[in-house]
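What you see is a predicted model, and the numbers here were worked out from it, not measured in a lab. Note: hydrogens, waters and symmetry copies are ignored here, and every other heavy atom, side chains too, is used.
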Amino acid sequence: MEGTDSKVDLCSTPLVALNVTVRKKLGLYLNPKHTVAADWTAVAETMGFSYLEIKNYETFRNPTKIVLDDWAARNSDASVGKLLSILEEVERKDIVEDLQPLIDEDVRKYLENQKKKAEPPLQVPEVDSCVPRTPERSGITVDDVPGGAPETFDAFICYCQSDFAFVHEMIRELEQTEYKLKLCVFDRDVLPGSCVWTITSELIERRCKRMVVVISDEYLDSDACDFQTKFALSLCPGARSKRLIPVVYKSMTKPFPSILRFLTICDYTRPCTQAWFWVRLAKALSLP
């Protein structure tokens, strides 16, 4: 990529285009504390992170990785081009020059993949079960009425199978009480036989006002939960509009997912606040 086209591509290419190798090399450049050259703290400050946030990042082994993840999650304009501009602004052109070939290659591959995804499928629409025929898919949930308005929900529940007992408790506390909320629980509400990723995307984007993410050690190993969370964040960076609500109901041995650390957590593990847990969660889900 050379000239103007490269600049346009980089500025419009989201940070997710950068692969593991580039991110690791960025960490090698920025993680060490330098007396002269700007390190990750200068980059984080230029990105708009506060003093307290930066102090918190110091506790991580690879703060550069966490800063990049959080920046991409909370900023709709976080792009490869913007990152390169920030590196130049903090006078780290050495990093830009050294990594430019790798970055250009990552962007090229990303744009090629996006182009392939945008190409029409080879099979005709009539036999492609994963292509929606109308702006709103119908007949995907138990209570969908043929020809009627699609069923909608107050919240989509993102969970893994090992946490299903807590999801049952959530149903009892939020649906079968005075709150009378309507939750979308995939194993209960979705009809079998359709493309999982297409249905999940439809439910999160069009049918549910919010999304509750049940965080646990097992959640961190779930590909489905990872897809659901990142898809919801991609709809509205920083979760300002979709309003993801992370819920922790049991102690964890693994680190809390960095991509959700900037959101207020509803914590069921603290005995002193357990009595307020369901009230807080219900009111958050009842907001317009």
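For the residue pair T46 and V90, the shortest heavy atom distance occurs at OG1-CG1, 3.3 Å. Heavy-atom minimum distance, L244 versus A232: CD1-CB, 3.7 Å. In plain terms, the two heavy atoms of I66 and S258 that are nearest each other are CD1-CB, 3.8 Å. Nearest heavy-atom pair, C158 versus Q228, reported as atom, atom and distance to 0.1 Å: SG-OE1, 3.2 Å. Listed here is the closest heavy atom pair of D217 and K254: OD1-N, 3.1 Å. Across all their heavy atoms, R23 and V16 have their closest contact at NH2-CA, 3.7 Å.
Within 6.0 Å of CG on D223 lie no more than 12 heavy atoms contributed by other residues, nucleotides or ligands. More than 12 heavy atoms of other residues, nucleotides or ligands lie within 6.0 Å of NZ in K182, so this atom counts as buried by the packing criterion. Heavy-atom neighbours of E175 CD from other residues, nucleotides or ligands within 6.0 Å: above the threshold of 12. Atom NZ of K250 sits in a crowded spot, with more than 12 heavy atoms from other residues, nucleotides or ligands closer than 6.0 Å. Other residues, nucleotides and ligands contribute over 12 non-hydrogen atoms within 6.0 Å of the CD atom of E53.
Put simply, CG on L174 and CD1 on I157 are 7.5 Å apart, with the number rounded to the nearest 0.5 Å. Taken from CG in D226 to CG in D221, the straight-line distance is 10.5 Å, to the nearest 0.5 Å. Taking CZ from F277 and OG1 from T269, the interatomic distance works out to 9.5 Å, rounded to the nearest 0.5 Å. The line from CD1 of I95 to CG of D98 is 8.5 Å long, rounded to the nearest 0.5 Å. Here S216 contributes atom OG and F256 contributes atom CZ; the two are 11.0 Å apart, rounded to the nearest 0.5 Å. Annotation: the span from L87 atom CG to D94 atom CG amounts to 9.0 Å, rounded to 0.5 Å.
Looking at F166 and V214, their side chains come closer than 4.5 Å, going by heavy atoms from C-beta outward. The closest side-chain heavy-atom distance from F156 to V185 is not below 4.5 Å. Residues Y110 and P14 have side chains in contact (heavy-atom distance under 4.5 Å, counting atoms from C-beta outward). Counting heavy atoms from C-beta outward, E105 and N19 have side chains that stay 4.5 Å or more apart.
Side-chain polar atoms of D39 and T41 form a donor-acceptor pair below 3.5 angstrom. Inspection of the Y249 and D163 side chains reveals an N or O donor paired with an N or O acceptor under 3.5 Å.
Contact check on E89 versus K82 returns no salt bridge, with no Lys/Arg side-chain nitrogen under 4.0 Å from an Asp/Glu carboxylate oxygen. Note on E202 versus R207: salt bridge recorded, some NZ/NE/NH1/NH2 to OD/OE distance being below 4.0 Å.
Within the 3.5 Å criterion, the main-chain N or O of A284 finds a donor-acceptor partner in the side chain of R210. In this structure, S234 contributes its side chain and F231 its backbone to a donor-acceptor pair below 3.5 Å. Checking side-chain atoms of R188 against main-chain N and O of L183 turns up a donor-acceptor pair under 3.5 Å. A donor-acceptor contact shorter than 3.5 Å is absent between the side chain of D104 and the backbone of P101. A donor-acceptor contact shorter than 3.5 Å links the side chain of R92 to the backbone of A38. The closest donor-acceptor contact from the side chain of D106 to the backbone of L18 lies at 3.5 Å or more, if one exists at all.
Residue pairs meeting the side chain to side chain donor-acceptor pair (under 3.5 Å) criterion with at least one member in residues 54-63, sequence neighbours excluded: N31-N62, K55-E58, Y57-D70. Counting only residues at least two apart or on different chains, no side chain to side chain donor-acceptor pair (under 3.5 Å) pair has a member in residues 272-288.
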| said: If you apply the rule side-chain contact (heavy atoms from CB on, under 4.5 Å), what do you find for K209 with L287, and how did you get there? | reply: CA-CA 9 Å; K209 289 196 297 182; L287 291 172; over 6 Å; no

| Residue pair Y268, E169: steps toward the side chain to side chain donor-acceptor pair (under 3.5 Å) verdict | CA-CA 12 Å; Y268 195 64; E169 186 176 355; 3.2 Å; yes

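Under the 4.5 Å side-chain heavy-atom criterion for grouping Ile, Leu, Val, Met, Phe, Trp and Tyr, L203 is not connected to L191 through any hydrophobic cluster.
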